[in-house]
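Residues: numbered from 1 along the sequence shown.
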Amino acid sequence: MREFYLSAHDYLGYVYMAVSLQPCRYKVPCLGSRGDENQTGLIQFHFHLLSTLPEIQLLIFLAFLLMYLLSLCGNAAVALTVCTDRSLHTPMYFFLANLAVLEICYSSVIAPLALVNLVSGRKATISLAGCGTQMFFFVFVGGADCILLAVMAYDRYVAICHPLRYTLLMNWKVCACLVAGSLVLGFLLSLQLTILIFHLPFCTTKEINHFFCDIPAVLRLACTNTHVHQAALFIVSVTVLTIPFLLICLSYVFIMAAILQIHSAAGRCHTFSTCSSHLTVVLLQYGCCSFIYLQPNSSYSPEQGQVVSVIYTFVTPVLNPLIYSMRNKELKDALSRVLRRKVLSQRK
């Protein structure tokens, strides 16, 4: 991580020295212009306070801290249960464990810095390289998360619509490749988008109207035309949101058709219960992210962006393990077995 941070810092410094030769299109002074060539490595952003009242700041801090800890505990419990219980060593739970790990990383990219900003009681700052690093990992993990949800829908489609070929189509090599492909695609899209955005010259107004380095909020600080960057953000959003969501919808059309052909009511209920938890998580994740990243820049509201961002950065990672554990009997039984073994081992 230290090597990556230093390399990113040096790279972004060179980028700003390169763009310094381009004059600002507006009358607002630009960071990275000729007068600021030696200050590119010292650029600092600060975040907009969620509230100016200390009491409200404290309440928000406690709420964020509670949700973050619940997210860590819940997702870690799901991942460890899947790893330790042999009955859950199937493709469906393999993907679920990877999703839980991604949710832990997803929360940890945003929550610690947001909590520090809240508890400090003032406008905490972040360096240019730090902001770029946070944005990179946020897009990387968030994109991989969305793609993995589409992979999980495909897994349920194969299990329900082609049960006799399931072990052949979803062997461990295929599962590992699908997870690796989600990570690689998220990495490549995030890297290109982050580098493109941090080619921009930023104005002297350095307040990010958000509680983390979100892309729409950072783009608003640029003192040049951002149409190309908005188009790039839209393409990335379509790649990680629209296309996977359409594939999920198509998978569930076939799944629902197969469920309706099951004659036993108990069989239909059991089959649907294995899919309903995943579908609930999909609607939460894709609904919130689409609201932010697929709307035109002209209609973007920083206030609405902050509220919706709280849902998919703090609330959704807490709800995901709860939804899966409450709707899935096998996972609940495995969790209880793991807890019993833990209690018995401590008593001995």
Side-chain angles (χ1 to χ4, degrees), residues 12 28 31 43-53 56-61 63-65 67-68 71 105-143 145-146 190 193-194 196-198 200-224 226 229-230 232-234 236-237 240-241 285 287-317:
L12 292 172
V28 182
L31 295 171
I43 294 173
Q44 298 283 325
F45 296 108
H46 58 266
F47 297 104
H48 181 75
L49 294 175
L50 294 174
S51 175
T52 57
L53 299 175
I56 302 299
Q57 287 277 98
L58 179 59
L59 288 176
I60 296 174
F61 169 78
F64 279 13
L65 179 61
M67 287 188 287
Y68 179 53
S71 171
C105 299
Y106 188 66
S107 298
S108 299
V109 170
I110 305 299
L113 184 59
L115 291 171
V116 170
N117 293 338
L118 286 167
V119 78
S120 64
R122 56 184 178 83
K123 293 182 177 181
T125 60
I126 185 172
S127 66
L128 175 68
C131 189
T133 302
Q134 186 186 51
M135 182 184 292
F136 167 78
F137 280 105
F138 172 72
V139 179
F140 168 34
V141 179
D145 192 303
C146 291
S190 177
L193 184 61
T194 305
L196 181 64
I197 289 176
F198 281 88
L200 288 168
F202 293 101
C203 301
T204 52
T205 301
K206 295 177 290 183
E207 181 181 73
I208 300 175
N209 196 0
H210 216 299
F211 58 88
F212 69 99
C213 291
D214 199 14
I215 299 173
V218 172
L219 283 177
R220 284 176 165 258
L221 302 183
C223 58
T224 187
T226 61
H229 306 80
Q230 294 289 344
L233 174 60
F234 181 77
V236 171
S237 300
V240 300
L241 291 173
Q285 182 78 7
C288 295
C289 293
S290 298
F291 181 82
I292 296 295
Y293 299 107
L294 292 179
Q295 66 173 324
N297 185 49
S298 58
S299 61
Y300 174 78
S301 169
E303 292 75 20
Q304 290 181 349
Q306 289 189 38
V307 174
V308 177
S309 297
V310 169
I311 296 175
Y312 66 76
T313 57
F314 283 95
V315 179
T316 302

Got [X] and [Y] here, is their nearest side-chain heavy-atom distance under 4.5 Å?
| X | Y | value |
| --- | --- | --- |
| Y68 | P112 | yes |
| F202 | V218 | yes |
| F45 | E207 | no |
| I208 | R220 | no |
| S309 | D214 | yes |
| L200 | L219 | yes |

Given 3.5 Å as the limit, does a donor-acceptor pair link the side chain of [X] with the main chain of [Y], or not?
| X | Y | result |
| --- | --- | --- |
| T226 | H229 | no |
| D145 | V141 | no |
| S237 | L233 | yes |
| Q134 | G130 | no |
| T316 | Q285 | no |

Minimum-distance pair of heavy atoms, taken over all atoms of [X] and [Y]:
| X | Y | answer |
| --- | --- | --- |
| I197 | M135 | CD1-SD, 4.0 Å |
| A232 | L196 | CB-CD2, 3.4 Å |
| Y312 | C288 | CD2-CB, 3.7 Å |
| S190 | V139 | OG-CB, 3.5 Å |

Q.
For F138 together with Y106, are the ring centres under 6.0 Å from each other?
A. yes
Q) Do F211 and F47 have their ring centres less than 6.0 Å from each other? A) no
Atom [atom1] in [X], atom [atom2] in [Y]: separation rounded to 0.5 Å?
| X | Y | atom1 | atom2 | value |
| --- | --- | --- | --- | --- |
| F314 | S107 | CZ | OG | 7.5 Å |
| L113 | S108 | CG | OG | 12.5 Å |
| N117 | I60 | CG | CD1 | 12.0 Å |
| T313 | M67 | OG1 | CE | 8.0 Å |
| L221 | N209 | CG | CG | 9.0 Å |

Q.
Under a plain distance cut-off of 3.5 Å, with no hydrogens placed, do Y293 and S290 share a side-chain donor-acceptor pair?
A. no
Q) According to the interplanar angle, ranging from 0 to 90°, do the rings of F140 and F137 count as parallel (below 30°), tilted (30 to 60°) or perpendicular (above 60°)? A) tilted
Q: Mind checking disulfide (SG to SG under 2.5 Å) for C146 and listing every partner two or more places apart, or none if nothing turns up?
A: none
